[in-house]
Amino acid sequence: MSWHHGELLAHGVGGRGDLPVPFTLALLGAVTALVVSFVMLAWRWPEPRLRGATTGRAVPSWFADLLRSPEWLGAWQVVGLVAVAYTAYAAFAGPDISLNPTAGIVYVLFWVGTLAVASALLGPVWRRLNPLRTIQQRLWQLLRRDPHEGLLGRYPARLGYWPAALFLLCFVWLELIGPERASTVTLRWWFGGYAVLQLIGAALLGSSWFTHADGFEVLSSLFGRLSVLGRRDDGVVVLRHPLAGLDQMVLEPGLVATVSVMLGSTAYDGFSANLAWVNVQQSSSLPKTVTGTLGLLAVIGFVAATFVLASWLCGVLGDDRLPHLARQFAPSLVPIAFGYVLAHYWSLLILEGQRTVVKMSDPLGDGSNWFGTGTAGFVNDSLIRPAVLAPLQVLFVVTGHVLGIVLAHDRAVALFPHRHAVRGQLPMLAVMVVYTLGGLLLLFSS
Amino acid sequence: MSLSRALIVVALVVPLAAGCASASGTPTSSATAPAAASSSGPASSSPTSASPTAPAAVTITAAVADGKVTPAAKQYDVPLGTPVHLEITSDKKGEIHVHGYDIEGQVTKDGGTVSIDFVADTAGVFEVESHVSDLLLFKISVS
């Protein structure tokens, strides 16, 4: 069309922000969240009910057999390898311009589309697709070794999800702060480095490394817990309600940090669009990268600190002898974080997702149309028109809140002595209300 | 009431409530398809959305000097379909970019001014940036 196609992308993907949610809608969402929270307290149940480990109706046996079959698992691995090979081809062989699909694939189709949305629908899909896991597994099988055994042994349990939290922090920094973050050169270096570190980790500590230290797999697994398709503790593949998987989670160190990075970074992305913050950054003598990094860390730190504090208060009011209370309650942050992510990135996913598919037909920028999607007329905006978008955003945030407090309530009942169960969950309820109102405020003031 | 039934009730009530509010709260605006960026020069400004009373054109000015924006970054609200005229002065030559609409202008010499014209025909909030000094100049909120 015109010469802007030759432009170097200095910033992230997109550049279209959402209109503020109308005040009445934000208010309605806030009131709904508060009312449901108090109803939950009044209509409390005395015994834990979720029992995620044993909940669910078994799927037909042919379907369970299919999911278990080597052909099925191998097909996922092939899809993962092909998708990453395609992306690498676009990143290395394609021109570094805004028409290159690489940044859209990474930040929209992979980060939001696959790790969040597809995982919440289908389960931990990146675990099946992850080409690094595939490489390590196949290599170890070729060498006739057990993939679980690394050169140094097995992944040490005490590390938990801490490495994943750190890798995720690096990624959200790149996504939200990193200079030239949409450039293929930046992405080549970042993902090249990531792949090397991950493969070294897995070579040393076995395939459990990916389960705990690969930020992308951990995120996919966390959001995948919301899927109605899951596996009971007895190994049976079942259909279940979206809280069963979270209730079933094995709680490991670093879980709170991981969830805080997810929730905090999404909140920072909303917050940083605020002009007051932009003007603080632009009038500061410090470079934007520095103020941005400080802002990102502050928001993530706020989420982690308030959550740990609330958990500690729950312990004081409920039963102070319980260890690791924050970790016990951490699963209830997953639906809240997912609601935030959906509300915040919905329009990006719909609009830039489609634009990325358009760009994918021409990865080299030579005018080819590989998949027949290379025309802009393909893009449809009916799902992000203001009248549709705003109610959806409020719906996502409030639904995440409701799921979160149901889970937290059930957890409190399970953990605390009966007479302390109500007051023991009050701080958790309060902090979740703060996150939800904060999320609505960000949508309203964007 | 069993827990799963309660969850279903909640799942049904919340969207209904949100739906009602939206029906009363927000007018349906007819956002046209995402910007097929109008060509570079002064836009052939015939608003495609056939509104009989086209909104009056809006002019927005900003200046960049010594890595600072004057006036400080703020947001301009314009109705959907408004012809927008930007005038941006910069002490360093380089690109000015209207994000989302993906329209660019070049300040061709140090201290020069660039004019950018386009029709605000997509709803949303759009950032206008100077790429040479990596500054957000202002936002245009189209609704």
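Below, chain A is the first sequence line, B the second, and so on; all start at residue 1. It should be emphasised that the depicted structure is a prediction, and the values quoted were computed from it without experimental measurement.
Distance alone, capped at 3.5 Å, places no donor-acceptor pair between the A:Arg16 side chain and the B:Tyr101 backbone. Although no hydrogens or angles enter the test, the distance criterion places a donor-acceptor pair under 3.5 Å between the side chain of A:Asn279 and the main chain of B:Ala73. Not a single donor-acceptor pair under 3.5 Å links the side chain of B:Lys139 to the backbone N or O of A:Leu275.
Note that the CG atom of B:Leu136 and the CD atom of A:Gln281 stand 10.0 Å from one another [nearest 0.5 Å]. Note that OG1 of A:Thr289 and CG of B:Asp134 are 8.0 Å apart. Values are rounded to the nearest 0.5 Å.
Heavy-atom contacts from other residues, nucleotides or ligands closer than 6.0 Å to CG of B:Asp110 number more than 12.
Scanning both residues, A:Gln282 and B:Lys68, for their nearest heavy atoms gives O-NZ, 3.7 Å.
Scored by the salt bridge (charged side-chain N to carboxylate O under 4.0 Å, His left out) test, A:Arg232 finds A:Asp234 as partners (sequence neighbours excluded).
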Could you please spell out the steps behind the side-chain contact (heavy atoms from CB on, under 4.5 Å) verdict for B:Ser141 and A:Leu19?
-> CA-CA 7 Å; B:Ser141 171; A:Leu19 290 166; 3.3 Å; yes
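Neither the backbone nor the side chain of B:Val98 has a heavy atom closer than 4.5 Å to any heavy atom of chain A.
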